[in-house]
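A short worksheet on the structure shown next.
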Amino acid sequence: MVSKRRLSKSEDKDTLTEDASNARKQPRSKKTKKSHVYYEVEENDSAFLKLLKTSGIILKTGESQNQLAVDQIVFQRKLFQTLRKHPSYPKIIEEFVNGLESYIEDQDIFRNCLLSCERLQNEEASMGTSYSKSLIKLLLGIDILQVRFCHFFCEHLLDVICGVCPSISGWSTQGRVGLMGVFGFATVYHSPVAEMHLPAIIKTLFEKLPEFLFESMNSDGINMPRLIISQLKWLDRVVDGKDLTTKIMQLISIAPVYLQHDFITSLPEILGDSQHADVGKELSDLLTENTSLTVPILDVLSSLRLDPQLLSKVRQLVMGKLSSVKLEDLPVIIKFILHSITAMDALEVISDLRERLDLQHCILPPRFLASQSKMKNKGQTRSSGNQENSDEDCVFLIFDIIKSTVRYEKPFLKPGLRQLNTLHQGLNISTNTQAKKYIERVLRNKIRSGCFHKDLLQSTFYVHYLVLKDVCPSILSLAQNLLHSLDQSIILFGSLLYKYAFKFFDTYCQQEVIGALVTHICSGNEAEVDIALDVLLELVVVNLSAMRLNAVFVKGILDYLDKMSPRQIRKLFYILSTLAFSKQHEGSSHIQDDMHLVIRKQLSSTIFKYKLIGIIGAITMAGIMAVDRSRFSSLTQGKADLSNDQYTQVTSLLQLVHSCSKQSPQASVLYYDEFANMIQIVKLAPKVLEWVGQTIFNDFQDAFVVDLCAVPKGNYPFPVKALYGLEEYNSQDGIAINLLPLLFSQDFAEDEGRRTSQESDHKLVSPLCLAPYFRLLRLCVEKQHNGNLEEIDDCPIMLTDLEPGERLESMSDKERSFICSLICLTLNWFREVVNAFCQQMSPEMKGKVLTRLKHIVELQGILEKYLAVTPDCSPPLAAFDLENLDVTPHASTAFSAKIKKQGITGRRKRKAGGNKTSSHDMISKEDGSECDPTPSNRGQLEKEFKGKEEKTVSLQNYHLLFRELDMEVFCILRCGLLTKFILDTEMHTEATEVVQLQPPELLFLLEDLSHKVENMLTPSVARRVPFLKGKGSQNIGLSHVQQRTGQEIVHCIVQLLTPMCNHLENIHNYFQCLPAENHGVVDGPGMQAQEYCLMSSCYQRLLQIFHGLFAWSGFFQPENQNLLYSALEVITNRLKPREPDQSLEELLSQSFHYLQNFHHSIPSFQSALYLIRLLMVILEKSRVPTQNKEKIASLARHFLCRIWPSGEKEKSSIPNDQLHALLSIYLEHTDSVLKAIEEIAGVGVPELINSSKDASSSTFPTLTRHTFVIFFRVMMAELVKTVKGLQAGTAADSQQIHEEKLLYWNMAVRDFSILINLIKVFDSRPVLHVCLKYGRLFVEVFLKQCMPLLDFSFRKHREDVLSLLGTFQLNTRLLHHLCGHSKIHQDMKLTKHVPFLKKTLELLVCRVKAMLILNNCREAFWLGNLKNRDLQGEEIVSQNSQESRADESDDDTSSQVSKSKATEDGEEDEASDREKEQDSDESDDDDSD
């Protein structure tokens, strides 16, 4: 009981007598021993003194303590026996008490009697405690001394009180009588009954108490009233506890305020359990009268066992005063409120407390902010510091109460977490280890719902950082678990916990944060490593000085470099380089030395994996060392440029990397790419940039550029000539890229003889370096001349005729591989040229860029032809900063059927990781053999219009071969779209002409942009790498765009929304203008199939980009709201002119309306699904999504009822997964799922059954025999999902609700009956599997949701219930037949569902019987045997004889609900009710057969 009082403002009084005694002895200890005078009390005829001395106590006077010669227990036993055996017993007790009263008349003697006794030195140590009680407390432990009264001081006591307290002397007679009643001075003094009310010793204490009641503390520091009250604590037995309680409460009512607090807080130690209720009532009354006693009263009430109703009453009273209490009183009040709740009222109380309690205002932010500023100043005063510390202590106590309540009070946990609307409470109670998982789950849900966001977290740390600092280990543990999540928002929240913990906590906690982040980085999990490195990077940028103190921990990550991806290595070296080189500190020299050692070691390695680490680290470190500090010169007042020493270090490091990488073409490509990325991101010092530019410019000319007049020397297998020139060169002073000779010298010359290359004085540069070298050169020139590229220009390339023509089959594999490599290198050159000049504003340059795009598209078509007949070709990779260098591009599954027969597709082992989709919304991926084998309808339609089978291969899986397009390239989309005109090959444009973008080039750009959007804005969530499987290269070809943030990419796409809307509208108009009779028919009269295919693919890619943009999760973050508004404004402006100050709801509504208008011209099913998903994404961002929900359903139904272009041969062009998705969207958004299912199953399916084999349903053309299983699976799943959402009925519901639910279940059972009976017609294995799986689930829901409704609806709606069960009986019978069919065919996929289904049917039989018994209709229940039959109703005949067959057949119990009599069909009714997949007793017999 006392252990609960942890917040009492008064100290524990148990040792008060000992403390007082010690306080009394302390001043005497300073005196000499000679000054100590011990006076023993002279003996007289008093029985009191004789008996005490006989029992073992020697009374002393003066400053001496009473001495105890024997053990305390021995003394009490001797005195008790002496009194009982005395000849004058019981009169001797009265004499003893009278002697005590006479003895303690002197205050000094009385004080000695209240202080602890002293043990004699020569006395043997007893087995008891060394602490001795006072004389009064020893006497109170003897029962016979508590049972008699003594009134010797009754009259004298009132005079003493009046003399002590002058205010009392003026009281009336009635007032004095009342005061006498307080201390037991009844007017009937001589009444025997009255004399038995209060024990004598206790009464004596109360008689002496008024003498000291209004006195201040004595000179020796002893408070007599507290000392007197302490004698009553922890008594072994109180004879009349009720009367004692009454007297104490009366004493409290007249005592001074400071003593009232002490008396109240002492009640739990004085009272017994039987008095708790009475004291609780009196204290609750006192609480309403005197609010100043709120804290001690609530403190005591928390320690008493009280009636819940009384606690509820007091709690409501306190709740009303919560907003006006002082901060220092809050801990006790909060403790009482939380400890008084029960499981029934927990949610209500916590909710009310949450509304009334605002700790942020209680802490007084102005004072808090002032304290923060004062903490930074040395001159703060002590008084203000004490006040701040007091407030902080109160806040600590409040959070400690909440934390302990969550840990030990079970009723508080779940309701408390439901009302968890303040983040600091959630972080505080997360220390509860017992309910850690539940608390984390609640926090995760709050984060997902947006209740806990970045601003709230920041303000929480800003205001409550002192409180949160004490739970720093729990916060770090929570952050660690959040980083293991698969949800991006939760991962981001965990990273914010690390950031703010480092920012607001002290040095020790900062060290713990860095240690936790280093642990994440070294864990090997890709997602954890990425987010931990991002956090470290931000901490370095924001708080560099604090990070330097922990640099030694970050440096330890260098031991785990081989487990990191190139992107992660780049981040790590950027962090370490910033710590080491941002300022010249002596403490950073060890980091510089370690980095140099690691880099040199990795660069000298012959293994490319480690050389890659060295190149990335060296370039990153050089970028930090050579950064242009001119913008900081005004702040630092130092030199803007690098010193000569720093310049030498940078150039030496770059030359070292170049020399170590030039021996390997792959290392050189990586070096040039890393160098180019560094120049693009970092602003280098002018001196370094000038040196780099001059060196690169000269080397590039020497390595790759030749004069047109120079005749290539060598025995080349193909004629060499300059191709793809954009200008007419009349003179011989032109230049060209020497590509074919370089490639030939690398490939063919190696076989013919390596001596030529070895003897050559000039070392040839690998042609692999052409594109990356040009990128580096372009960026250097761009940086030096502020974006002006006049010093470089496009030029022809030394190639041969690349169009294969008729020579393709006659070429050797070596020659075809050479041409493939040559085409890839040419494509990469063109891609880098487009990257370089895409932002040039001159019309001539724009025309050149569009021409290069046309060349890229043409060359890709040629490359596809070569790759189709050269399956073993391995063209050179375009980049080498890959996580797994073993990935190899492969010929995709786009080979024609003829090629597959020849065995070309047997090379599946070389399948690249790039063909894996990284998003669950990937639509272009198709479903195996049931879907179109081509990746898009473009390739499919191209093959159709060519009229013959050609050997083609898709480049979808060859991203590794091509250089990445920059985001700036897509500014070309701003060019207009014209589909009927062809651009002039010279591309010379006049002022009046418009440069136009053709559909093939548009599709090329849109495909690349959609690939970037899919992988960057909708990335795959953190996935653990499976055991024995390497990391997949899901982001192949995206190394440049990965260096941009999601906000930057979204900003770029938002800038392109206007031109993309223009293209979307133009394509929409194109399909709208098609002849009505040819709408949707690819090979219709007068229609060009290739053009239709291109426009359709562009349509799909545009919708895919729009969907990826608006599905970006970053729009939910407050800092990205402006991007969402900008994107929506662009779309709404297409409908009407811009209106200022439009709300988000208006923008979403208008954008929804604009995009919905495109449904009339959708050319393909894939585009239709993207449009639906795009509208759903727009709808999810609205606060009132139900307004347009029906429009989604209507649009989905429109697409399901539309005839789509047929695919290759007789297969549908609709992939199964896409049809499944669209049908699910329709059923999820429609108003009535049951009516929609009934329409499809009752109208569409019969139309399909009655149609020819290859036909479809007239109402739902997408429903064919090929797609029936998809429709059946979706309808069964949605039916089960719908009935699960219907709440089970209760008897308390109204009659109308019962009727509505009964009608709903009738419709559900009718739909279930229609679907189940379809297996008689469509009995394929997938259909039967769906029926077994979802049939069991439906019966389970029927048992849980419907049967309780039938229990109390049977009597009032007997006919309806019987009809429902009768219909359901037929369905369950068919399920039983399906079980027999599965066993006969011994299909393992089907039979595994049979035991569970049969047991569920058995449970249904018992449940129906219980329902009939409940409604006094047991006679309607009848049992019988149900024979095993197949799907057609034929009896399953066993191999045994007919006689034994009757004994060994599968017998299932069935029940019949009948109006008048039981029929054989009715028996089977109940058997069908047992529709679950679990085994019944009869099925056990069947299995034994």
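Every value quoted in this text rests on a predicted model; they were computed, and no experiment measured them.
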Worksheet item: Once the angle between the rings of F1115 and F1110 is folded into 0 to 90°, is it parallel (under 30°), tilted (30 to 60°) or perpendicular (over 60°)?
Response: tilted
Worksheet, complete the sentence: All heavy atoms of K499 vs all of V535, minimum pair found to be CG-CG1, 3.8 Å
Discussion item. Looking at S577 and Y574, would you say the former's side chain and the latter's main chain have a donor-acceptor pair under 3.5 Å?
Written reply: no
Worksheet entry | Spacing of I624 atom CD1 and I619 atom CD1 [to the nearest 0.5 Å] | 12.5 Å
Practice prompt. Check I521 against A532 and note the closest heavy-atom contact, atom names and distance.
Written response: CG1-CB, 3.5 Å
Worksheet entry | H1051, NE2 atom: more than 12 neighbouring heavy atoms under 6.0 Å | no
Item to complete: Test R444 against N481 for side chain to side chain contact (heavy atoms under 4.5 Å, CB included), laying out the working first.
Response: CA-CA 10 Å; R444 290 169 187 263; N481 294 334; 4.2 Å; yes
Worksheet item: Sub-3.5 Å donor-acceptor pair from the side chain of Q568 to the main-chain atoms of S565, do we have one?
Response: yes
Practice prompt. Step through the shown structure and confirm whether more than 12 heavy atoms of other residues, nucleotides or ligands are within 6.0 Å of NZ on K454.
Written response: no
Worksheet item: Should the pair R448-D487 be classified as a salt bridge under the 4.0 Å nitrogen-to-oxygen rule?
Response: yes
Item to complete: Verify side chain to side chain contact (heavy atoms under 4.5 Å, CB included) between I491 and L482, making sure each step is shown before the conclusion.
Response: CA-CA 6 Å; I491 295 176; L482 294 182; over 6 Å; no
Discussion item. Using a 6.0 Å cut-off, check whether atom OH of Y560 has over 12 heavy atoms from anything other than its own residue.
Written reply: no
Fill in: Full working for side chain to side chain contact (heavy atoms under 4.5 Å, CB included) between L476 and Y498
CA-CA 7 Å; L476 298 184; Y498 281 127; 3.8 Å; yes
Fill in: Spacing of Q510 atom CD and D506 atom CG [to the nearest 0.5 Å]
7.5 Å
Discussion item. Just verifying a value: how many Å separate F452 CZ and T460 OG1, rounded to the nearest 0.5 Å?
Written reply: 8.0 Å
Worksheet item: What are the two closest heavy atoms between I1049 and R1044, and how far apart are they?
Response: CG1-CB, 4.1 Å
Worksheet item: Once you round to the nearest 0.5 Å, how far does OG1 of T1045 lie from CE of M1016?
Response: 9.0 Å
Discussion item. Give me the atom names and distance for the closest heavy-atom approach of G494 to A479.
Written reply: O-CB, 3.7 Å
Practice prompt. Fit a plane to each ring of F461 and F505, take the angle between them on a 0 to 90° scale, and name the class: parallel (under 30°), tilted (30 to 60°) or perpendicular (over 60°).
Written response: tilted
Practice prompt. Provide the closest heavy-atom pair for S303 versus D299 in the form atom of the first, atom of the second, distance.
Written response: OG-O, 3.4 Å
Fill in: S474 backbone acceptor or donor facing S477 side chain under 3.5 Å
no
Discussion item. Do Q511 and N550 pair up side chain to side chain, a donor and an acceptor below 3.5 Å, judged on atom types alone?
Written reply: no
Worksheet item: In Å, rounded to the nearest 0.5 Å, how long is the span from CG of L579 to CD of Q592?
Response: 11.0 Å
Worksheet entry | Spacing of L558 atom CG and L572 atom CG [to the nearest 0.5 Å] | 5.5 Å
Practice prompt. Dump the intermediate steps for side chain to side chain donor-acceptor pair (under 3.5 Å) on E528 and H484, then the final yes or no.
Written response: CA-CA 7 Å; E528 291 185 33; H484 294 161; 3.1 Å; yes
Worksheet, complete the sentence: Between S495 and L483, the two heavy atoms sitting closest are N-CD1, 3.6 Å
Worksheet item: Any salt bridge between K571 and D534, counting N to O under 4.0 Å?
Response: yes
Worksheet entry | Residues K503, Q458; criterion side chain to side chain contact (heavy atoms under 4.5 Å, CB included); working and verdict | CA-CA 10 Å; K503 179 179 179 181; Q458 184 176 5; 4.1 Å; yes
